[in-house]
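Quantities reported herein were computed from a predicted structural model and do not represent experimental measurements.
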Amino acid sequence: MSRTITIEPVTRIEGHARITLQLGEDGRLEDARFHLTQFRGFEKFCEGRPYREMPALTARTCGICPVSHIIASNKACDHLLAVDIPPTGEKLRRIMNLAQIVQSHALSFFHLSSPDLLLGWDSDPATRNIFGVMRQNPELARDGIRLRQIGQTIIETLGGKKIHPTWVVPGGVSEPLSAEKRASMLKLLPEGLEIAKRTYAFYKTLAPKFKDEAAHFGTQPTLFLSLVTPQGNLEHYDGVLRVKDAQGRILEDQVPPEEYGHLIGEAVEDFSYMKFPYYKPQGYPQGIYRVGPLARLNNVQACGTPYADVALAEFHMLQDSGPIVSSFHYHYARLVEIIYGLEMIERLLKDPAILDTRVRARARSNRYEGIGVSEAPRGTLMHHYRIDDDGLITWLNLVIATGHNNLAMNQSIREVAEAYVDGNAIEEGMLNRVEAVIRCYDPCLSCASHAFGQMPLAIELRDAAGRVVDRLTR
């Protein structure tokens, strides 16, 4: 008899989702789907708002990565203003964006994924969490908390608060950096870098234990999309778009971010509130690609900082040739990027020009359309706005980092379920592995839910006693 296994909620991720596994009469997998079950709708309710409100408004998409939306949104507003922001303003924005990446990657690795890696896929779910990690490896748990604190403290020092800072504004940043604030941030970096290097060294001893998972956790051949510098090195704030295939061939390069529409199409399905972006030249659903730290490191030959370049070279050695295809190695890639982020923050802060007081270009809107693209912790983030003569938003499109990975995540859970789930003898550890491949991508689902697609929306109206008195279905 055929049956459906539902995993709900998917745990240790940001947001609300479920996974369904369709099993045939023989107990073998027939289909697997990842369902985003929450709806946010920023693409619609932002219409009619002044474009200058967009950075603060879209930051409320998420409390974990608000800085990412603040950066991409302000870059779209810069485009509307038709200005080049002052060099020091750009450097300060880069510091905040890198601090966001450091703290978010620390949250993903230490708090969300390390319980599986340290305690085991089949361990007791009651202890397979950050508290179990604290008991088994207190130093690792403390390091994770401290590393995230360092990233958040840098954000707060620059922006005035850790969550939803309004310091980044159209045209640059609202105020220059003081020497006192620079000194306070520089004091944090040696400790942060030491923690990052220690964790990276520890993970290298841990990763070989998971060869089987690395061989089955999202190893599908896909494309990889990210920003790179014009020279082809690691980039998180600006740069150009690059697309590489699973054999290492560069299919697209030096593409201005404003031309993303030539590369990316968006589809919808009836089982999720998340869109399904795809690479246009290959069509839907064949044009599957991945973004985020794995894609970024696959797309470059150098990071540009000393320790990170050594770590990147070791990362590339995970595979004899070509890109690293297993999504399991997102964990490895995050640790490399944490090292890079801390090294680059230190380099930027030590630049004498970082204290320059010219940090903002002022103008009114000079274009009707603006596009801002940056690299969020989870991948390439795109904000696209159109405005009227009064500067009010008439249309917007948000291509979210997690959304880019939607096709890959659906394919990955199918691969893991085929490898580990025995429909005739279900065990909890089997299903945890299906969840764990989603954690590799570290999805931020609140960020990714902005279009209705075709998923039915029902609203129940209840009286004071809780009885259903009406039901509205879209």
Side-chain angles (χ1 to χ4, degrees), residues 3-21 23 27 29 32-38 62-64 103-149 195 199 202-203 205-214 216-218 327-328 330-332 334-335 402 409 412-446:
R3 58 177 172 148
T4 301
I5 296 175
T6 301
I7 304 172
E8 187 174 19
V10 179
T11 57
R12 284 185 275 132
I13 61 170
E14 193 287 323
H16 305 286
R18 70 173 179 266
I19 293 171
T20 55
L21 307 177
L23 303 180
L29 186 77
R33 289 181 173 180
F34 180 65
H35 308 259
L36 173 53
T37 56
Q38 66 186 105
C62 182
I64 292 177
Q103 71 86 11
S104 182
H105 281 356
L107 174 65
S108 173
F109 180 80
F110 291 94
H111 294 70
L112 306 182
S113 292
S114 73
D116 294 322
L117 303 174
L118 282 178
L119 307 176
W121 317 100
D122 303 296
S123 58
D124 184 354
T127 59
R128 195 176 59 222
N129 50 48
I130 187 61
F131 299 104
V133 173
M134 289 177 183
R135 285 188 288 270
Q136 178 153 327
N137 194 326
E139 182 183 41
L140 186 76
R142 284 194 296 268
D143 281 350
I145 293 169
R146 179 56 176 159
L147 193 57
R148 185 161 190 256
Q149 183 185 40
I195 292 173
T199 306
F202 170 72
Y203 182 75
T205 68
L206 193 65
K209 300 177 182 179
F210 301 106
K211 289 182 179 179
D212 191 69
E213 284 77 14
H216 295 99
F217 272 38
S327 293
F328 183 83
Y330 268 99
H331 302 310
Y332 197 127
R334 285 189 188 93
L335 295 178
T402 295
M409 289 190 292
S412 294
I413 60 170
R414 183 183 186 104
E415 181 184 354
V416 173
E418 287 175 341
Y420 293 104
V421 176
D422 179 358
N424 297 309
I426 297 294
E427 297 177 1
E428 194 277 335
M430 299 175 183
L431 303 184
N432 184 43
R433 284 175 172 84
V434 177
E435 288 188 73
V437 76
I438 294 296
R439 295 183 200 116
C440 292
Y441 292 92
D442 187 30
C444 187
L445 300 178
S446 295

- Message: If we count only N and O atoms by modelled type, under 3.5 Å, do the side chains of Arg334 and Ser104 hold a donor and an acceptor together?
- Response: no
- Query: Under 3.5 Å, is there a donor-acceptor pair linking the side chains of Ser108 and Tyr330?
  - Reply: no
Is the backbone of [Y] close enough, under 3.5 Å, to the side chain of [X] for a donor and an acceptor to pair up by distance?
| X | Y | result |
| --- | --- | --- |
| Glu418 | Leu29 | no |
| Ser114 | Phe110 | yes |
| Arg148 | Leu107 | no |
| Arg12 | Ser113 | no |
| Gln103 | Ile64 | yes |
| Gln136 | Leu118 | yes |
| Thr402 | Cys444 | yes |

- Message: Quick test of your reading of the model: are Arg433 and Asp122 salt-bridged, counting only N-O distances below 4.0 Å?
- Response: yes
- Query: Under 30°, 30 to 60°, or over 60°: which ring-plane class applies to Phe328 and Phe217, parallel, tilted or perpendicular?
  - Reply: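 Perpendicular.
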- Query: What's the spacing between Leu117 CG and Lys209 NZ if we round to 0.5 Å?
  - Reply: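 That separation rounds to 10.5 Å.
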- Which atom pair, heavy atoms only, marks the closest approach of Gly120 to Arg128?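 Shortest heavy-atom contact: O-CD, 3.4 Å.
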